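These notes are about the structure you will find just below.
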Amino acid sequence: MYPIKRTPIKELLHAKEFNIEVNVKGWVRTKRGNKSLAFINLNDGSIIHGIQIVAELANFDENMIKLITTGSCISVTGTLVQSQGQGQSVEIQATTIEVYGTADAEVYPLQKKGHTLEFLREIAHLRPRTNTFGAVLRIRHAMSYAIHKYFNDNGFYNIHSPIITGSDAEGAGAMFRVTTLDPINPPKTETGAVNYAEDFFGKETNLTVSGQLEAELAALALTKVYTFGPTFRAENSNTARHLAEFWMIEPEVAFNDLVDNMDLAEDFLKYLINYALTHCMDDLEFLEKMYENELLSRLRFVVEESFERLTYTQAVEILKESNHPFEFPVDWGADLQSEHERYLVEKHFKRPVILTHYPKQIKAFYMKLSEDGKTVKAMDVLFPGIGEIIGGSQREEDHDKLLMRIREMGIHEKDVWWYLETRKYGTCPHAGFGLGFERLILFVTGMGNIRDVIPFPRTPKNAEF
RNA sequence: UCCUCCUUAGCUCAGUUGGUUAGAGCAUUUGACUGUUAAUCAAAGGGUCCCUGGUUCGAGUCCAGGAGGGGGAGCCA
């Protein structure tokens, strides 16, 4: 007898042909049965559903059957048949079973019963074996693929921006230092400061907080580019929407203005959500059933309806006229609070909102100054339940105006000389934005906490696994 | 970092005004059952009540400090 090639469970569940010999390998979710039969629900992660294995106990060694417990890993060879029982259409009548790895039922943490997401976070090394995390991880993959596909199909080039950077130009947040210096006894300068000239790169270096500035350099040569890479923020943020290590997508397009930028953002998001609806329905249906009753209708709504576009100034007026009892006052010039954004998105417009033209003093130095001299051509895309999912802008392409903003904000010119040079040589209008990948996954999956949409979350006081 | 809530069996939780031997469901083990669907039924085993200190005749329960976690806020994607 020669070994039969393993078939993914996903294929078997869609089989049209029966009474054929097949082999499956996977992890046992449940085993139940009686004196003569065992029913094993086997899952290999190829699809959220498991396949039912039927084993007639008379045909197997009793001690081997005992090893088949929730969490164990087995290989099953048998006949694929149409199910005799209710609840599934196909099943495998097992002829041989090999146990690859046991999972002592006394101590294996995952049970047939549901677990809280908080508990699963403590066993992040095992949680991919749950239905929930299988679904999230498959959707995460699908979204990652769809992002590359969208950009590729639309003429963008993927740029690998550096992960170690020598500048904190954007000021997007606290950074993680990268160093090989001895932390206990670092070399010092004459004034007693740490002498980074002796460090690995001969200067202070950090993990990137954004690939945008580098993406701009590439856009001013390849026209349409994007980055998709890990991003690091050393902020002490303890919320369901922040991670210290997350993934960010940053398209940057030469010759685009703010309206083009909004069009791109809206089309991009709709494409991604539609991709999930057409390719991840099994997983979405599971998540809808378990976590959010209106997940599918919410996703369809976003794909079908247009986003509301208005300026920051108009938003402030709406908020002031709303007579809604906000905890924080609404004032032109101050950044909007979460409660203000939520009101606009969830109460007033009841749809995604793109806010533009924020006061220049609350936005980054590289954003293009508007004609009024008071606002910049920024845009934030706000989603229900998530808040800011995209932040972007048209960039300041005028060298002198950019230099003025750099000086106003106290940034050292010598740190961004290379960025300024792009405005000196062949500058042009351009625009781009950053999409938080995990925030997209939050929205698509309906999960409530960002720590549950990345396999191994890094947050303050947590870098386990 | 701020506000707030929580921490009791492997998991999810209950535990009265401070009172004798700390409970339930699920899980686990054993048994019963010829097709189960988170199977069902019966029995059994299972506890550093987060940690440290204090008050008290007596603390899971009250007080102080610490640790960890949830929710909200800020920062942002």
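Being a predicted model, the structure only gives us computed values, none of them experimental. Below, chains carry the letters A, B, ... as their sequence lines are ordered, and counting in each starts from 1.
The side chain of A:E106 approaches B:rU29 more closely than any other nucleotide in the set B:rA27, B:rU29, B:rA77. Of the candidates B:rG35, B:rU12, B:rG74, the closest approach to any side-chain atom of A:Q52 belongs to B:rG35. Side-chain atoms of A:K461 lie closest to B:rG68 of the nucleotides B:rG68, B:rG74, B:rU28. For A:H242, taking side-chain heavy atoms from C-beta onward, the closest of the listed nucleotides B:rA73, B:rG10, B:rC75 is B:rC75. Comparing B:rC76, B:rU34, B:rA77 by their closest approach to the side chain of A:E388 singles out B:rA77. If you check B:rG10, B:rG72, B:rU30 against the side chain of A:A240, the one that comes closest is B:rG72. Each of B:rU12, B:rC26, B:rA73 was ranked by its minimum atom distance to the side chain of A:Q111; first place goes to B:rC26. With distances taken from any side-chain atom of A:R233 to the nucleotides B:rU29, B:rU34, B:rA77, the minimum falls on B:rA77. Comparing B:rU34, B:rA77, B:rU36 by their closest approach to the side chain of A:L243 singles out B:rA77. For A:T239, the listed nucleotide lying nearest its side chain is B:rA73; candidates were B:rA73, B:rU29, B:rA77.
Across the protein-nucleic acid pair, A:F119 atom CZ and B:rA27 atom P stand 15 Å apart, rounded to whole Å. Between the CG atom of A:L336 and the C1' atom of B:rG74 there is a distance of 14 Å, given to the nearest Å. We find that CD1 of A:I53 is positioned 18 Å from P of B:rU36, with the value rounded to whole Å. Summarising the geometry, the separation between CD on A:Q82 and P on B:rG35 is reported as 22 Å, rounded to the nearest angstrom.
Across all strands shown, B:rA43 pairs with B:rU29; the Watson-Crick or G-U wobble distances both stay below 3.5 Å. B:rA73 is paired with B:rU1 under the criterion used here, namely a Watson-Crick or G-U wobble arrangement in which both key atom distances are under 3.5 Å. With both pairing distances under 3.5 Å, B:rU7 is matched to B:rA67 as a Watson-Crick or G-U wobble pair. Under the Watson-Crick or G-U wobble criterion, with both distances below 3.5 Å, B:rG18 is left unpaired in every strand shown.
B:rA64 and B:rG10 are spaced 30 Å apart, taking the P atom of each and rounding to whole Å. Between B:rU29 and B:rU34, the two C1' atoms lie 24 Å apart (nearest whole Å). To the nearest whole angstrom, the two P atoms, one in B:rC11 and one in B:rC41, are 24 Å apart. Spacing of P atoms, B:rU40 relative to B:rA27, comes out at 7 Å, to the nearest Å. With C1' as the reference atom, B:rG31 and B:rA67 are 45 Å apart, rounded to whole Å. A gap of 11 Å separates the C1' atoms of B:rA22 and B:rA14, to the nearest Å. When the C1' atom is used for both B:rG18 and B:rU56, the distance is 9 Å, rounded to whole Å. As rounded to the nearest Å, B:rU48 and B:rU7 have C1' atoms that lie 14 Å from one another.
For A:Q337 against B:rG74, no side-chain N or O and base N or O form a donor-acceptor pair under 3.5 Å. For A:Q93 against B:rG35, a side-chain N or O and a base N or O form a donor-acceptor pair under 3.5 Å. A:Q88 contributes a side-chain N or O that forms a donor-acceptor pair with the base of B:rU36 under 3.5 Å. The base of B:rG70 is not paired with the side chain of A:E118 by any donor and acceptor separated by under 3.5 Å. Between the base of B:rG35 and the side chain of A:E91 there is a donor-acceptor pair shorter than 3.5 Å. The base of B:rC75 is paired with the side chain of A:S237 by a donor and an acceptor separated by under 3.5 Å.
Distances shorter than 4.0 Å separate none of the side-chain N or O atoms of A:N238 from OP1 or OP2 on B:rU1. Close to B:rG70, at under 4.0 Å from its OP1 or OP2, lies a side-chain N or O of A:R451. For B:rG35, the OP1/OP2 oxygens have no side-chain nitrogen or oxygen of A:R32 closer than 4.0 Å. For B:rC33, one of the phosphate oxygens OP1 or OP2 lies less than 4.0 angstrom from a side-chain nitrogen or oxygen of A:K35. For A:N236 and B:rU1, the shortest distance from a side-chain N or O to OP1 or OP2 is below 4.0 Å. Considering only side-chain N and O atoms, A:S338 lies under 4.0 angstrom from the phosphate OP1 or OP2 of B:rG74.
Rounding to the nearest 0.5 Å places NZ of A:K10 at 7.0 Å from OG of A:S46. Between atom CZ of residue A:R395 and atom NZ of residue A:K368 there is a gap of 12.5 Å, rounded to the nearest 0.5 Å.
Looking at which nucleotide of RNA chain B each of A:F39 and A:P460 is closest to, the 5′-most match is held by A:F39.
A salt bridge does not link A:E346 to A:K350: none of the charged side-chain nitrogens sits closer than 4.0 Å to a carboxylate oxygen.
Taking each heavy atom of A:L57 and A:I65 in turn, the nearest pair found is CD2-CG2, 4.0 Å. A:V444 and A:I273 make their closest contact through CG2-CG1, 4.2 Å (heavy atoms, listed as atom of the first residue, atom of the second, distance).
B:rA77 has no stacking from A:F437 on its base ring, since the centres under 5.5 angstrom apart and planes within 30 degrees of parallel are not both found.
In summary, the aromatic rings of A:F437 and A:F228 are positioned with their centroids under 6.0 Å apart.
Using modelled atom types and a 3.5 Å distance limit, the side chains of A:S83 and A:E91 yield a donor-acceptor pair.
Relative ring orientation between A:H324 and A:Y343 is described as tilted, the plane-to-plane angle lying within the 30° to 60° band.
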